[in-house]
Amino acid sequence: MTNFGAKILGSSISSLTAQQALIANSSNNIANVNTPGYTRRQVEIESRVDVANIGNILQIGSGVQLGNIKRYTDEFLESQLRSASSKKGQADVRNDYLSRVEVSFALDGPQSTVGSALNNFYSAVNQVGINPSNVDLRINLMQRGEDLIANIRATYATIAGAQSELNHRVPLEINTVNSFTTQIAQLNGLITQREAAGVIAIDERDQRDTVLTKLAEKLSFTTLETANGMLNCYLDNGFPLVNQETSRNLTATSSPSFAASTLPRSLSGEVLSYVTYDFGSATAPSHLDLTQLLKNGSGTLAGILQMRGTTDPLNTSPFEAEGDLVSMASRIEALTRGLLTTANQTYLGVDEDTVTAGFQSNAGDLNGNPPGVFGLFDFDFSGVKDVDGDGIPSLSDLTSTTPLISNFSSLIKLGFTNPAEFAAARDNDPASGSKVFPPGDGQNAAAVAALRSTSSAFALGNFSFSGTMEELYNSSVSYVGNAKAAAQLAVQVSDANLLSASNKRDEFSAVSLDEEFANLIKYQKAFQASARMIKTAGELLDQIVSLI
């Protein structure tokens, strides 16, 4: 015969236990409402099976029992959040560094730029050509020339400095990545160990998702969860960053094993580091190059590599690298080399003596002296500058110095130190070997000033351009401006996408205080009702006892 009194007490006690568990779970949810990465949990309850009374006609039941705890998470939404975090990290890096560089190319504001300095220099040369004997105009020309050089040096230094800073950030980012992958591998082990005993490792899974999101801010990857609860992480080429309980640490090296020759220098003269995985040993490294792969992905590491640039080990020039800063520096360096070659060639004039071997300039300063090979614009170098010895500055001279000079934008200087040494005049005597400079002659200065509207071909590394020097610089301003506008738009889009992905994830996984408050009232009422049932069962028992 079924003991209904015992059933009332048993069911009520089981209900008390279940409601306490539900209240405790709601308490934990509320306590973690602001905890990053926390996912809402729900205790599952099940009807207890009355095994002892199977076969009886009347199956009232034996109360309630606790089941598993459910973690509200959706892998698709988590993946979308990681992807949005990765793209935001990439966009933020690019926008940050482009904001720094853009100032050097600004079209307005009090700061002088290469463009304004170049315009002022040509205007000063033109004024000297009109009145070459005026010392004040010559002094002004020297000052405008120094301004141009200072702006070239400063702009190049800003770009090169940004590249150097990014290069130094690469190993720091790699160390952070390695820290995250190590944590994921350790959490994989803890999750498998706990869940093998039949307990869902909720806290560990929350921690792993949080670390995965942080890792996604650094680089892009894909994941695959195995049957035992472990999560493997792969780069786009299939390289396993995390394989169950094992993580593979990446390295940042400036001396990779795959470099058969001297590595090309950066814009500032150092060596760009490569992101690799070392299959070898400490004494015999064997590097797998992952640099280009990571650059083509997303995350802060991709943004860094895209801005800094990546280079083939067989390259010989820093301007052969591929990157935003390299493209900007190539334009400034191309302008500098144009001043050292085209401007100096125009400044030298023509060969005054076609009979005598070698090149003799037909230009002259106030004392009738001809300018040197690099008489208008020169560069700091103690070796031979006119390498081929033909008396004419050329690109072959610049690319044949020993030791080889990687850039001239940080070395350029004015070719004369005395205002009287500027060669404004040109020989008016057609006879070879005979020079006549009429008083007030400014033909040479006029020829230099005409370079403002003279087109030339500029080529350096992966960059080429045909036009005037001013047009070259204006194209550089457009390039930087467009890159900055694109980066700023990317930031706005990535911010919106991250907010949207975060909101969708929170709608499903985050704690809702309104929902938890409603649940608390429901669980509390159920608890009170269960307690009341125990009291009622006690009163019934008392009545039965009193009748005996």
Side-chain angles (χ1 to χ4, degrees), residues 37 39 71 73-91 93 169-193 195 201 204-253 256-258 273-280 285-306 310 494 497-498 501 505 509:
T39 57
R71 178 172 173 263
T73 183
D74 185 288
E75 180 54 34
F76 174 76
L77 296 178
E78 295 290 344
S79 176
Q80 291 293 99
L81 179 60
R82 291 196 291 266
S83 177
S85 297
S86 190
K87 291 177 181 177
K88 175 172 171 53
Q90 174 188 4
V93 168
R169 279 189 61 178
V170 172
L172 300 178
E173 294 290 315
I174 294 302
N175 288 339
T176 303
V177 167
N178 292 339
S179 173
F180 291 153
T181 55
T182 299
Q183 292 178 53
I184 294 170
Q186 292 172 346
L187 288 167
N188 276 344
L190 291 174
I191 290 170
T192 301
Q193 182 180 354
E195 295 187 350
E204 290 79 1
R205 284 181 175 271
D206 277 356
Q207 291 177 27
R208 188 173 66 182
D209 281 351
T210 299
V211 178
L212 284 168
T213 302
K214 291 180 179 179
L215 178 62
E217 293 175 5
K218 301 301 177 183
L219 49 78
S220 54
F221 59 91
T222 57
T223 60
L224 177 64
E225 185 168 354
T226 61
N228 59 2
M230 294 192 184
L231 199 70
N232 297 335
C233 301
Y234 303 93
L235 295 180
D236 291 340
N237 66 344
F239 178 85
L241 282 173
V242 178
N243 184 23
Q244 298 193 28
E245 295 183 65
T246 302
S247 63
R248 288 178 168 82
N249 287 343
L250 305 182
T251 57
T253 177
S257 60
F258 49 77
S273 56
Y274 293 79
V275 181
T276 63
Y277 176 71
D278 190 357
F279 284 100
S286 179
H287 295 114
L288 170 66
D289 189 8
L290 300 171
T291 313
Q292 194 65 37
L293 174 72
L294 294 173
K295 176 187 176 183
N296 293 336
S298 55
T300 57
L301 192 55
I304 288 171
L305 294 175
Q306 289 165 5
T310 55
S494 64
N497 289 341
L498 180 59
R505 185 263 182 197
S509 300

Checklist line | Steps toward ring-ring contact (aromatic ring centres under 6.0 Å, His included) verdict (F239, Y277) | finding: CA-CA 10 Å; F239 178 85; Y277 176 71; 5.1 Å; yes
Flag, side chain of [X] to backbone of [Y], donor-acceptor distance under 3.5 Å:
{"X": "E195", "Y": "A201", "answer": "yes"}
{"X": "S83", "Y": "S79", "answer": "no"}
{"X": "N497", "Y": "A84", "answer": "no"}
{"X": "N188", "Y": "L231", "answer": "yes"}
{"X": "D74", "Y": "L77", "answer": "yes"}
{"X": "T213", "Y": "D209", "answer": "yes"}

Compute whether any side-chain donor of one residue and acceptor of the other, for [X] and [Y], lie under 3.5 angstrom apart.
{"X": "T251", "Y": "D278", "value": "no"}
{"X": "E173", "Y": "T300", "value": "yes"}
{"X": "Q90", "Y": "Q306", "value": "yes"}

What I'd like to find out is whether the side chain of [X] reaches to under 4.5 Å of the side chain of [Y], using heavy atoms alone.
{"X": "N228", "Y": "Q244", "result": "yes"}
{"X": "Q186", "Y": "L190", "result": "no"}
{"X": "I184", "Y": "L241", "result": "no"}
{"X": "N178", "Y": "R248", "result": "no"}
{"X": "N232", "Y": "T226", "result": "yes"}

Item checked: Steps toward side-chain contact (heavy atoms from CB on, under 4.5 Å) verdict (V177, L219) -> CA-CA 8 Å; V177 167; L219 49 78; 3.8 Å; yes
Item checked: Spacing of CE belonging to M230 relative to CD belonging to E245, to within rounding of 0.5 Å ->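 M230 CE to E245 CD: 4.0 Å, rounded to 0.5 Å.
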Check: Rounded to the nearest 0.5 Å, what separation is found between the CG atom of D206 and the OG1 atom of T39?
Finding: 3.5 Å
Next item on the list: List the steps, then state whether side-chain contact (heavy atoms from CB on, under 4.5 Å) holds for V93 with R169.
Entry: CA-CA 11 Å; V93 168; R169 279 189 61 178; 4.3 Å; yes
Check: Is atom NZ of K218 surrounded by more than 12 heavy atoms (other residues, nucleotides or ligands) closer than 6.0 Å?
Finding: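 More than 12 heavy atoms, drawn from other residues, nucleotides or ligands, come within 6.0 Å of this atom.
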I need the minimum non-hydrogen distance between [X] and [Y], along with the two atoms involved.
{"X": "R505", "Y": "G37", "answer": "NH2-O, 3.4 Å"}
{"X": "S247", "Y": "T181", "answer": "CB-O, 3.5 Å"}
{"X": "D236", "Y": "S220", "answer": "OD2-OG, 4.0 Å"}
{"X": "E78", "Y": "S509", "answer": "OE2-OG, 4.3 Å"}
{"X": "G229", "Y": "R205", "answer": "CA-NH2, 3.7 Å"}
{"X": "K88", "Y": "L498", "answer": "CD-CD2, 3.2 Å"}

Item checked: Criterion side-chain contact (heavy atoms from CB on, under 4.5 Å) on T223 and R82, from CA distance to verdict -> CA-CA 11 Å; T223 60; R82 291 196 291 266; 3.6 Å; yes
Taking only distance into account, with no hydrogens and no angle test, what donor-acceptor pairs under 3.5 Å do side-chain atoms of residues 286-298 form with protein atoms, sequence neighbours excluded?
unit_1, atom_1, unit_2, atom_2, d
H287, ND1, S257, N, 2.9
D289, OD1, T291, N, 3.0
D289, OD1, T291, OG1, 2.7
T291, OG1, V275, N, 2.9
T291, OG1, V275, O, 3.3
Q292, OE1, T310, OG1, 3.1
K295, NZ, T310, OG1, 3.3
K295, NZ, E322, O, 2.8
N296, ND2, Q292, O, 3.2
S298, OG, S86, OG, 2.7

Next item on the list: Begin with the C-alpha distance, continue with both residues' side-chain angles, and end with the deciding distance and a verdict on side-chain contact (heavy atoms from CB on, under 4.5 Å) for L235 and T222.
Entry: CA-CA 6 Å; L235 295 180; T222 57; over 6 Å; no
